[in-house]
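Worksheet: the structure to be examined is printed underneath.
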Amino acid sequence: MLDLKTIRENPEAVRNRLRRRGGDFDELNELLQPEEDRRLGLQESERLKNKKKQLSAQVGKLKQQGQDAAELMEEVRAINVSIKELDEKIRDCEQRVHEKLLGIPNLPDDSVGDGADESANRWVRDWGAKPEFSFTPKNHAEIGERLDLIDFKRAAKISGARFVVYKGQGAGLLRALINFMIDVQTRENGYQELYPPFLVNKESMQGTGQLPKFEEELFATRDDPFYLIPTAEVPVTNFHRDEVLDDESLPICYAACTPCFRREAGSYGKDTQGLIRQHQFDKVELVRFSRPEESAAELEVLVEDAAAILKKLNLHYRVMELCAGDLGFAAAKTYDLEVWLPSQNVYREISSCTDFADYQARRMRIRCKKRGGGKPKFIHTLNGSGLAAGRLFVALLENYQQQDGTVIIPEALRPYMHGQKVLKL
RNA sequence: GGAGAGGUGGCCGAGCGGUUGAAGGCGCACGCCUGGAAAGCGUGUGUAGGCUUACCCCUACCGAGGGUUCGAAUCCCUCCCUCUCCGCCA
């Protein structure tokens, strides 16, 4: 959520910054009139309330002295009618303003480049090298099915398209990856592990920005007011909703592994094969609550924390900085980590690390305060995948495959696989 | 699911129709005292909004939303949450 005062005082400047995302953002102006009405109404209402207060105090005094106060009482009754009317109007305006506000995306950070879509994203750096194969590398689905690690057919029977069953060594590998990632983030990178609910309420979805605009992308429960989380970002960031944090305690860093549930409405035909795009997948999410002035530096730390996993597994990747037009709704600045997939000769997103600035904090009312006093300020929130387990599974099979169809288990992962060195039938 | 108890400022805890934004205590900040520190003493210490945008001032907020009343933290209704006991259950 953007700061209403800033919009009010300089709507054109805000609008120009928003336009970098693409689109005209007329809705910004639709909010100004009800906001003006609200303020005028509020002033009048407060004036009347002040008068009412004074008259009521007089009534009290008169009554104590045993005098008649009927006239004053009648006057207050009349004022009350006006107040009620005004307050209803104010609340109406307020609600309209708030609704509009929730639908306006975050401002891109000034450092973010222009561009309409991912083709304009900026290459930042890469790490490692593409593996070389003396044969044509197979795609992960084929490798996985041949080794009996994953079963799409039965998953389709049980649930439907875009689901998978991990089986035997495959299930073990997935669990190993998750434990490995959580251990690295908690033991080496300073995150505290959280294991949150997978069902959350509407307020939480609104806090991080999934609602009200992206309801069609969420699974919801039929008889209860819950949504399935599309990422651990939702429960973990909302962990501190409506709190004032001690400035000294920042940054607060959490890592959480949860399943993520996404309807993938509108991506029919996209990545229909394999594990890349599923309705349910596991992901280790990293969340950082930062002092407002430190989030730019925090974002760099976050990216490296996520990248640490790829480095330890010796997987080639590149870092891309998203252009303004490719930014997510709540994002101010985002780096994607893209891992190399040899079967398709492409880099594929495996982590998305975002600085939301104060946008989510404003929606969730998360602030921080210095110990010596001073006004509470909205903190900045950041999060990034560290990493998506399903896609990491994909990268591992593809990059470590051998000609005979087996897959080497990278050194760093072997302790989590009871010393196993190779995946084979 | 049934029965009961309760939700007040950073925390503890009073208040149960009329200057109560809210006693008292703890904590915290500043000052005094001291060679220094503790103790002690004094002062201050919520948030949001409005207006000025410097201070002042004004309004709202005692879980949330309604209602009664000239006036509600205090009375009534609805909802939410927490705790205890019983039942059921991984």
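So that the names make sense, note that chain A is the first sequence line, chain B the second, and so on, each numbered from 1.
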Notebook entry, point to check: Got a donor-acceptor contact below 3.5 angstrom from the A:Asp109 side chain to the A:Ser111 backbone?
Noted result: yes
Item checked: Worked check of side-chain contact (heavy atoms from CB on, under 4.5 Å) between A:Gln420 and A:Gln169 -> CA-CA 10 Å; A:Gln420 190 179 341; A:Gln169 297 180 85; 2.6 Å; yes
Margin query: I'd like to know whether the aromatic ring centres of A:Tyr166 and A:Phe393 sit less than 6.0 Å apart in this structure.
Written below: yes
Item checked: Nearest-angstrom distance from the residue atom NZ of A:Lys369 to P of B:C28 -> 15 Å
Margin query: Check this for me: does any side-chain nitrogen of one of A:Arg291 and A:Asp247 sit under 4.0 Å from a carboxylate oxygen of the other?
Written below: yes
Checklist line | Nearest-Å distance once atom C1' is located in both B:C76 and B:G27 | finding: 38 Å
Notebook entry, point to check: B:A48 phosphate, OP1 or OP2: any side-chain N/O from A:Arg367 under 4.0 angstrom?
Noted result: yes
Note to self: Give me each pair satisfying salt bridge (charged side-chain N to carboxylate O under 4.0 Å, His left out) with a member in residues 166-184 of chain A, each pair once, sequence neighbours excluded.
What the structure shows: A:Asp148-A:Lys167, A:Asp183-A:Arg187
Next item on the list: Please state the P separation for the pair B:A22 and B:G10 - nearest whole angstrom.
Entry: 15 Å
Check: Taking atom P in both B:C75 and B:C85, what distance in whole Å separates the two?
Finding: 28 Å
Notebook entry, point to check: Taking CG from A:Asp3 and P from B:A48, how many angstroms apart are they, rounded to a whole number?
Noted result: 12 Å
Notebook entry, point to check: When the P atoms of B:G21 and B:C26 are considered, how many whole Å apart are they?
Noted result: 24 Å
Notebook entry, point to check: So does A:Lys84 pair up with A:Asp87, basic N to acidic O under 4.0 Å?
Noted result: no
N/O to N/O distances under 3.5 Å, protein versus nucleotides 77-80 of chain B:
none

Notebook entry, point to check: For RNA chain B, what is the dot-bracket line, given that a base pair needs Watson-Crick (N1 to N3, plus N6-O4 or O6-N4) or G-U wobble (N1-O2 and O6-N3) geometry with both distances under 3.5 Å, and | means paired with another strand?
Noted result: ((((((((.[[[..)..(.....]]]((((((.......))))))(((((......))))).[[[[[..)....]]]]])))))))....
Next item on the list: Only pairs at least two apart or in different chains count here, so list each salt bridge (charged side-chain N to carboxylate O under 4.0 Å, His left out) that has a residue in residues 350-361 of chain A.
Entry: A:Asp358-A:Arg362
Checklist line | B:G9 versus B:A14 - spacing of their P atoms, nearest Å | finding: 13 Å
Checklist line | A:Glu44 bridged to A:Arg47 by N-O distance under 4.0 Å | finding: yes
Check: Does A:Glu243 come within less than 4.0 Å of A:Lys369, counting only side-chain N to carboxylate O?
Finding: no
Notebook entry, point to check: If we take the P atom in both B:G87 and B:A3, what is their distance in whole Å?
Noted result: 15 Å
Between the protein and nucleotides 51-55 of chain B, list the N/O to N/O atom pairs that are separated by less than 3.5 angstrom.
residue : atom : partner : partner atom : Å
B:C51   : OP1  : A:Arg39 : NE           : 3.3
B:C51   : OP1  : A:Arg39 : NH2          : 2.8
B:C51   : OP1  : A:Gln43 : NE2          : 3.3

Next item on the list: Report the distance from atom CD of A:Glu35 to atom P of B:G49, rounded to the nearest whole Å.
Entry: 11 Å
Check: Rounded to whole angstrom units, what separation is found between the CG atom of A:Asp242 and the P atom of B:C81?
Finding: 15 Å
Note to self: Any carboxylate oxygen within less than 4.0 angstrom of a Lys/Arg side-chain nitrogen, looking at A:Arg288 and A:Glu298?
What the structure shows: yes
Checklist line | A:Arg96/A:Glu99 ion pair, N-O < 4.0 Å | finding: no
Notebook entry, point to check: Pick one: which of A:Thr354, A:Thr208, A:Val236, A:Thr237 meets side chain to side chain contact (heavy atoms under 4.5 Å, CB included) with A:Thr381?
Noted result: A:Thr237
Note to self: When you measure from the side chain of A:Gln67 to the backbone of A:Leu62, do you find a donor-acceptor pair of N or O atoms at a distance under 3.5 Å?
What the structure shows: no
Notebook entry, point to check: Looking only at atom P, what distance separates B:G40 and B:G6, rounded to whole Å?
Noted result: 36 Å
Notebook entry, point to check: Are A:Glu30 and A:Lys100 ion-paired here, with the side-chain N under 4.0 Å from a carboxylate O?
Noted result: yes
Notebook entry, point to check: Using the P atom in both, what is the distance from B:G65 to B:A73, to the nearest Å?
Noted result: 13 Å
Next item on the list: At under 4.0 Å between heavy atoms, which parts of nucleotides 58-72 of chain B does protein reach? Answer with one letter per nucleotide, 5' to 3': B base, S sugar-phosphate only, - none.
Entry: BBS-----SS--BS-
